[in-house]
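From a predicted model like this one, the values you see are computed outputs, not experimental measurements. Scope of the values below: all heavy atoms of this structure, side chains included, with no hydrogens, waters or symmetry mates. Reminder, nothing fancy here: chain letters follow the sequence lines and each chain counts from 1.
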Number of protein chains: 2
Amino acid sequence: MVLNRYGPSMARSMHVRRPATLASLAAELGVSRTTVSNAYNRPDQLSPELRRRVLETARRLGYPGPDPVARSLRTRKAGAVGLLLTENLSYAFRDPAAIGFLEGLALACEDAGTGLLLVPASPEREDVAAVHRAGVDGFVVYSVPDDDPHLAAVLERPVPTVVCDQPDLDNVDRVGIDDRAAMRGLAAHLIALGHRRVGVVCMRLARDRNDGFVSVDRQHAAHFHVQRARLTGLAEEFAEAGVDWTRVPVVERFDHTIASGASAAAQVLDRDPGITALVCTSDILALGALQEAERRGLRVPDDLTVTGFDGIHEAERAGLTTIRQPVMEKGRAAGKLLLDASERTRPRTVDLGTELITGRTAAAPHSAQEERWFGP
Amino acid sequence: MVLNRYGPSMARSMHVRRPATLASLAAELGVSRTTVSNAYNRPDQLSPELRRRVLETARRLGYPGPDPVARSLRTRKAGAVGLLLTENLSYAFRDPAAIGFLEGLALACEDAGTGLLLVPASPEREDVAAVHRAGVDGFVVYSVPDDDPHLAAVLERPVPTVVCDQPDLDNVDRVGIDDRAAMRGLAAHLIALGHRRVGVVCMRLARDRNDGFVSVDRQHAAHFHVQRARLTGLAEEFAEAGVDWTRVPVVERFDHTIASGASAAAQVLDRDPGITALVCTSDILALGALQEAERRGLRVPDDLTVTGFDGIHEAERAGLTTIRQPVMEKGRAAGKLLLDASERTRPRTVDLGTELITGRTAAAPHSAQEERWFGP
DNA sequence: ATGAAAGCGCTAACAC
DNA sequence: GTGTTAGCGCTTTCAT
């Protein structure tokens, strides 16, 4: 069963082996190429006996079956979909939300018997070649900025594309959630609890690194639609509650890590120690904020309310108040949309639902003190 | 920037657009195909002015650049490596060890600018076609049984292959750890603590489902080399300590989940309530065993010692005594090995190190009682 | 049931 | 610098 691919005959060559081709096999057998092709692709088109002979000779000659690339060229089907991510490929395997998305997408691909090609497109390296090189029947684009050159390259390719989360483009299929509405719901919850002085920690708003405070202008101009929508939702809801949004400290972090969340939280709390709630636009950042709160001896939620967004497992374990979004379902839906050839006549949109998770990290401001004053 | 791919002219067609080809572009420009090709691949081979004209006309005609599949056929390079996994594709995103491996592999691919194609090969579906269809320059095979038909299909393809963990094949590059030695180390640790009556929970030993006790024969015949090695290591070390291995209850689970670990632990404990240590061949299973111990009111490690294998984060959080193996490094090493064309003259092996993590789940048998009798 | 012919879209020698 | 000539290895009408 196992081929010896390191025999003496190979020792000189860099290549593994120059395999026989369909043509050479046909010649050896004294039949036409069509027949050999049929032996592999249309067993019913030739006598079982001949087919057996073909396959057996193939085995003897070490013919590995039709070359997939040549077949793809001929049939115009690659049998794979490409995935373009915001971040380094390897980062995707560290972000629970991305992992969930991948799981769902993989599921959809599996169901369709389609391969999933992870395209090596780092955001720093502006090398779009990887997109051009990808032999795929379509692309799924996961959460990239609207001015991402890789995205532009994908859209130039003559294959269907589905975007998950961002950007929101006319004429391109999309699956996502209503980030603005979800965040308004969370904000309403905080407002109902009594919070009026809040701070915000958000993810990267553009491709340039800006680890620090965010002007209202930058909030509006954010190239990441999702972050923009979440900030907008917050701003709207709090404005309606009488909060002057221009005075709310919003701190941005380029890197999406717990450490980033912690340092951003520190920056907000340093600027305005009087805030009663720290709204983070992701669970990862919120977990960092919790760390920072603990470091400062602030009890959560007694001294400080902290909220997240995503609903990852780690957040659940931490009892985080957050918005849960169906990350895996997003991946599935994106895959299905892409692989479902039917009705590809106009852009389709799938909007999935979210859920407010009331955890143990949000409470009325200064509830501890009040309890102390008025009894439990 | 964004193409309208749903314009009225398209409405009738299932296809997105029939793009111009390199040839048609050359014709339009009145130059040869070579020149157009050079415009994309060898900018230095033509005047900047002509190149500009070519690219501009391409844009005007909606020519998306050289077709990647045709290019691959011609250059005999796909620009991607394939990954074959034991489990369903989607499962890989639920197993922390597999995720770590993927992260490392993605890292290596990224460094090389290579795509990573996840091959949709479910273990149940014996459909090997996906392997045949994969347009890749090589394969990484992650932890499959030695009789896996997908593996056989991969090995028949005329491209280099690297196996991670299992199986251990002559003539095929491999990266892994010394599972037997690692497990002997863990066993020695338990023996030093005083354990002599132990039970074992292990992962799937073959492609057939056998959720239950494992005969010594089945242990030896296991098609998963890694599990076999771990069991062998255990058996050897305990045998040297005078334990009759044939009497040690070993329970197997097909599904690799926490729930499986719990039910398997229950099965062992039901069979022999007198055991003092439960050795699990993975952290996931061990986490299940911990659950079951708690359910029974057994205190760990006072009443029962539990150990794992892998060193995943969740295990660390649980304070599990386990063997840590460098999962991410395995991925990286596998990728590097595959992508490093040099010295591919004879099979190479990378053996990575492991580390015994002494957590809070292993102690001397009945230490609690002893403490109670003799004071702390 | 089998074969002949015609490309799929591109790149790489090699000539000019 | 630019064009000519050959394929890469395969599938697919369309005849026979």
Side-chain angles (χ1 to χ4, degrees), chain A residues 15 17-54 57-58 61-79 129 132-137 157-159, chain B residues 15 17-54 57-58 61-79 129 132-137 157-159:
Chain A
H15 298 286
R17 181 161 47 94
R18 201 77 204 66
T21 71
L22 186 143
S24 72
L25 180 54
E28 171 83 16
L29 280 157
V31 303
S32 80
R33 304 203 291 282
T34 309
T35 301
V36 178
S37 176
N38 282 337
Y40 285 95
N41 304 315
R42 307 225 166 104
D44 52 315
Q45 294 296 297
L46 74 179
S47 66
E49 161 56 15
L50 178 53
R51 180 170 137 89
R52 204 194 48 66
R53 240 182 75 219
V54 171
T57 309
L61 261 55
Y63 175 64
D67 179 283
V69 175
R71 168 187 275 162
S72 286
L73 174 59
R74 186 60 238 243
T75 61
R76 310 268 53 191
K77 285 239 134 291
H132 290 142
R133 243 194 323 249
V136 295
D137 301 320
R157 292 273 308 259
V159 294
Chain B
H15 298 286
R17 180 160 49 92
R18 201 75 205 69
T21 70
L22 185 144
S24 71
L25 180 54
E28 170 83 16
L29 280 157
V31 303
S32 80
R33 304 204 291 285
T34 309
T35 301
V36 178
S37 175
N38 282 337
Y40 286 95
N41 304 315
R42 306 229 166 95
D44 52 315
Q45 295 294 297
L46 74 177
S47 66
E49 162 54 17
L50 178 53
R51 179 169 137 89
R52 205 193 47 67
R53 239 182 78 219
V54 172
T57 310
L61 261 58
Y63 175 65
D67 180 283
V69 176
R71 168 187 273 162
S72 286
L73 175 58
R74 187 60 240 240
T75 61
R76 311 269 53 197
K77 284 241 137 288
H132 290 141
R133 241 193 325 249
V136 295
D137 301 320
R157 290 275 307 261
V159 294

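Considering all non-hydrogen atoms of both residues, B:Arg157 and A:Pro64 come closest at CA-CB, 4.4 Å.
Distances were taken from every side-chain heavy atom of A:Asn41 (C-beta onward) to each of D:dG7, D:dC10, D:dT11; the shortest belongs to D:dT11. Of all nucleotides listed (C:dG3, D:dC8, D:dT12), D:dT12 comes nearest to the side chain of A:Arg74. Checked against C:dC10, C:dA4, D:dC10, the side chain of A:Ser32 finds its nearest nucleotide in C:dA4. Closest to the side chain of A:Leu46, from the set C:dT2, D:dG9, D:dG7, is C:dT2. For A:Leu50, the listed nucleotide lying nearest its side chain is C:dT2; candidates were C:dT2, D:dC8, C:dA13.
Judged by distance alone, the side chain of A:Thr35 and the main-chain N or O of A:Val31 form no donor-acceptor pair under 3.5 Å. Checking side-chain atoms of A:Arg51 against main-chain N and O of A:Pro43 turns up no donor-acceptor pair under 3.5 Å.
Contact annotation: side chain of B:Thr75 to base of C:dA12, donor-acceptor pair absent below 3.5 Å. Residue side chain B:Ser37 does not reach the base of C:dA12 through any donor-acceptor N/O pair under 3.5 Å, judged by distance alone. Remark: the B:Thr34 side chain and the D:dT4 base include a donor-acceptor N/O pair separated by less than 3.5 Å.
Residue B:Arg42 is in sugar-phosphate contact alone, with no base atom involved, counting any heavy-atom pair closer than 4.0 Å across all strands shown. Within 4.0 Å (heavy atoms only), A:Val31 reaches sugar-phosphate atoms of the nucleic acid but no base atom.
Between the CG atom of B:Leu73 and the P atom of C:dG9 there is a distance of 12 Å, given to the nearest Å. At whole-Å resolution of the value, CZ in A:Arg53 and C1' in C:dT2 are 12 Å apart. Atom CG of A:Leu22 is separated from atom P of C:dG7 by 19 Å (rounded to the nearest Å). If you take CG of B:Asp67 and C1' of C:dG7, they are 14 Å apart, rounded to a whole angstrom. If you take CZ of B:Arg33 and C1' of C:dC8, they are 13 Å apart, rounded to a whole angstrom. The separation between B:Gln45 atom CD and D:dT2 atom P is 10 Å, rounded to whole Å. B:His132 places its NE2 atom 17 Å from the P atom of D:dG9, with the value rounded to the nearest Å. Separating the NZ atom of B:Lys77 from the C1' atom of C:dA12 is a distance of 16 Å, rounded to the nearest angstrom.
At its two ends the helix from C:dA1-D:dT16 to C:dC16-D:dG1 runs along axes set 30° apart, each axis drawn from five pairs and the angle rounded to 10°.
The phosphate of C:dT11 has OP1 or OP2 within less than 4.0 Å of a side-chain N or O from B:Arg71. Residue A:Arg76 has a polar side-chain atom (N or O) positioned under 4.0 Å from OP1 or OP2 of C:dG9. The side chain of A:Ser47 contributes no N or O atom lying less than 4.0 Å from OP1 or OP2 of C:dA1. Residue B:Tyr63 places at least one side-chain N or O under 4.0 Å from the OP1 or OP2 atom of C:dC10.
For residues 33-44 of chain B, the set of pairs meeting the salt bridge (Lys or Arg N to Asp or Glu O under 4.0 Å) definition, not counting sequence neighbours, is empty.
Here CG of B:Leu22 is found 9.0 Å from OG of B:Ser32. Values are rounded to the nearest 0.5 Å. Rounding to the nearest 0.5 Å places CG of A:Asn38 at 6.0 Å from CG of A:Leu46.
Looking at which nucleotide of DNA chain D each of A:Ala70 and B:Asn38 is closest to, the 5′-most match is held by B:Asn38.
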Going by atom type alone, with no hydrogens or angles, which donor-acceptor pairs under 3.5 Å involve a side-chain atom of residues 66-73 of chain B and a protein atom two or more places apart or on another chain?
from: B:Asp67; atom 1: OD1; to: B:Val69; atom 2: N; distance (Å): 2.8
from: B:Asp67; atom 1: OD1; to: B:Ala70; atom 2: N; distance (Å): 2.8
from: B:Asp67; atom 1: OD2; to: A:Arg76; atom 2: NH2; distance (Å): 2.8
from: B:Arg71; atom 1: NH2; to: B:Asn41; atom 2: OD1; distance (Å): 2.6
from: B:Ser72; atom 1: OG; to: B:Pro68; atom 2: O; distance (Å): 3.0
from: B:Ser72; atom 1: OG; to: B:Lys77; atom 2: O; distance (Å): 2.9

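Residues A:Asp137 and A:Val159 are not in side-chain contact: their nearest non-hydrogen atoms beyond the backbone lie 4.5 Å or more apart.
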